[in-house]
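Just so we're clear, the structure is a prediction, and the values are computed from it rather than from any experiment. Counting starts at 1 for both ligands and their atoms, following the listed order. These numbers come from the heavy atoms of this one structure, side chains and all, not from hydrogens, waters or symmetry mates.
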Amino acid sequence: MAVLYNQVLRPPNFSELFNTWTRYPDAVPFAGGTFLILSQGRELPRLPANILSLEKIDDLNRITRTERYLEIGAMVRLSGIIALGKIVPDALSATLKGIAGPQVRNLATIGGNLCTAGDAAAPMTALDARYELRGPGGSRWISAIRFSSLSDTLGARELLTRIRIPLDQWDYTVYRKFDSPDSGDEGGVLIILVKNQKDILTKLQIVYTGETLLRDKNSETFLEGKSLPLDRKDILHYGELWETYLAGLGKPGPLLRSQIVNGIRAGILGLAD
Ligand SMILES: Cc1cc2nc3c(=O)[nH]c(=O)nc-3n(C[C@H](O)[C@H](O)[C@H](O)COP(=O)(O)OP(=O)(O)OC[C@H]3O[C@@H](n4cnc5c(N)ncnc54)[C@H](O)[C@@H]3O)c2cc1C
């Protein structure tokens, strides 16, 4: 049966939000609305009968910074995070700048992007971010990698409320965005983070997120502990480790697979002599 009207519910705090959600269990959280509305590609979008707007909840718009972390509320717009400037890790800032155009970035929220498996999942995972999820019974924290790897992370009437990003010093950052029109696979984002201590590569984190999140923790250790600049033979071999990892997964398709491996090799080549 056609829905005759849409009801927009605007709770002012979490306690009212969860009471409202219990009364209207079919209500759909609405953040920036760019996915809910624009992704339909219709002139007149169809909206859920009950819309649970998150806009009035101050906590969701809060940004705090301590010495060790940057904490961002789920309703902060992508453009608002970019505008924070230097405190935002380069990997996150570059990724957000690569999402859509300024109009979409002024509306889209970080929570909405992460809940729709958007590009921001790549830097968040590489930076070891953690997410606060909140439901009627309380809140819990989950790592970015776990959130993105599970298909049904959010429980019934549960929201992503806060993102905590460690403010580690990364000495080398690579951001690449792929389009794969020929392969039929959706492109994604590749992030490479490196720590360098006295010309030793002490930490390497490589994450790719497209249709699925890819991270090969085993191969990262192959380069850790090596002297910088890196030997080109090691970089070649590192690419082979990723080829083996991706072949074992059986996805993504061959074209995107070689794009990812080439992207990783090219990214790490910046650390060779
Ligand atoms: C023209 C265009 C180009 C784009 N290009 C890119 C791109 O290059 N890369 C990319 O990553 N994305 C891209 N996007 C997608 C865009 O990033 C997402 O639409 C946006 O981030 C979603 O955020 P939102 O706040 O608008 O979410 P909404 O549309 O409000 O919500 C999206 C979904 O998430 C749920 N949700 C929202 N917030 C929460 C929360 N806090 N807790 C639980 N559930 C929640 C909603 O119920 C809904 O199901 C593009 C979109 C458009 C329109």
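Among protein heavy atoms, the minimum distance from atom 9 (N) of ligand 1 is reached at Asp119 OD2, 3.0 Å. At the shortest separation from atom 49 (O) of ligand 1 among protein heavy atoms lies Leu36 CD2, 4.1 Å. Residue, atom and distance of the protein heavy atom nearest to atom 38 (N) of ligand 1 are Ala31 CB, 3.6 Å. In terms of protein heavy atoms, atom 35 (C) of ligand 1 is closest to Cys115 CB, 4.2 Å. The single protein non-hydrogen atom nearest to atom 28 (P) of ligand 1 is Gly33 N, 3.5 Å, given as residue, atom name and distance. Atom 20 (C) of ligand 1 has as its closest protein heavy atom Thr34 OG1, 3.2 Å. Here the protein heavy atom with the shortest distance to atom 40 (C) of ligand 1 is Leu160 O, 3.7 Å. Of all protein heavy atoms, the one lying nearest to atom 17 (O) of ligand 1 is Asn113 ND2, 3.0 Å.
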**OP:** With salt bridge (Lys or Arg N to Asp or Glu O under 4.0 Å) as the test, would you mind laying out the steps for Lys195 and Asp168 before giving the verdict?
**Re:** CA-CA 9 Å; Lys195 281 189 190 178; Asp168 283 0; 3.3 Å; yes
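Of the heavy atoms in Ala100, both backbone and side-chain atoms come closer than 4.0 Å to ligand 1. If you look at Lys177 next to ligand 1, the close heavy atoms, those under 4.0 Å, all belong to the side chain.
Using modelled atom types, no side-chain atom of Arg215 and backbone atom of Val207 make a donor-acceptor pair closer than 3.5 Å. Between the side chain of Glu224 and the backbone N or O of Leu204 there is at least one donor-acceptor pair closer than 3.5 Å. Side chain of Arg105 to main chain of Arg77: no donor-acceptor pair is present (N/O by atom type, distance under 3.5 Å, no hydrogens or angles).
Listed here is the closest heavy atom pair of Gln205 and Asp128: NE2-OD2, 3.3 Å. Ala120 approaches Leu96 most closely through the heavy-atom pair CB-CD2, 4.1 Å.
When only modelled atom types and interatomic distance are considered, Tyr238 and Ser219 share a side-chain donor-acceptor pair under 3.5 Å. Judged purely by distance below 3.5 Å, without hydrogens or angles, the side chains of Ser79 and Asn106 pair a donor atom with an acceptor atom.
Between Arg140 and Glu158, at least one side-chain N (NZ, or NE/NH1/NH2) sits under 4.0 Å from a carboxylate O, which counts as a salt bridge.
In this structure, atom 15 (C) of ligand 1 has its sub-4.0 angstrom surroundings free of protein heavy atoms.
The closest non-hydrogen atom to atom 32 (C) of ligand 1, taken over Thr116, Thr153, Leu154, comes from Thr116. Between the choices Ile99, Leu52, Val189, Thr95, the shortest heavy-atom distance to atom 13 (C) of ligand 1 belongs to Ile99.
Interface atoms of ligand 1 facing Gly118, defined by a heavy-atom separation under 4.0 Å, are 11 (O). Below 4.0 Å from some heavy atom of Ala74 lie the following atoms of ligand 1, by number and element: 41 (N). Those atoms of ligand 1 that come under 4.0 Å of a heavy atom in Val28, given as number and element, are 47 (O).
Looking at Pro29 next to ligand 1, an N or O pair under 3.5 Å apart turns up. Any N or O atom pair closer than 3.5 Å counts here, and Phe35 shares at least one such pair with ligand 1.
The aromatic rings of Phe14 and Phe18 lie parallel to each other, with less than 30° between the two planes, well short of the 60° mark.
Taken from CG in Leu213 to CZ in Phe147, the straight-line distance is 12.0 Å, to the nearest 0.5 Å.
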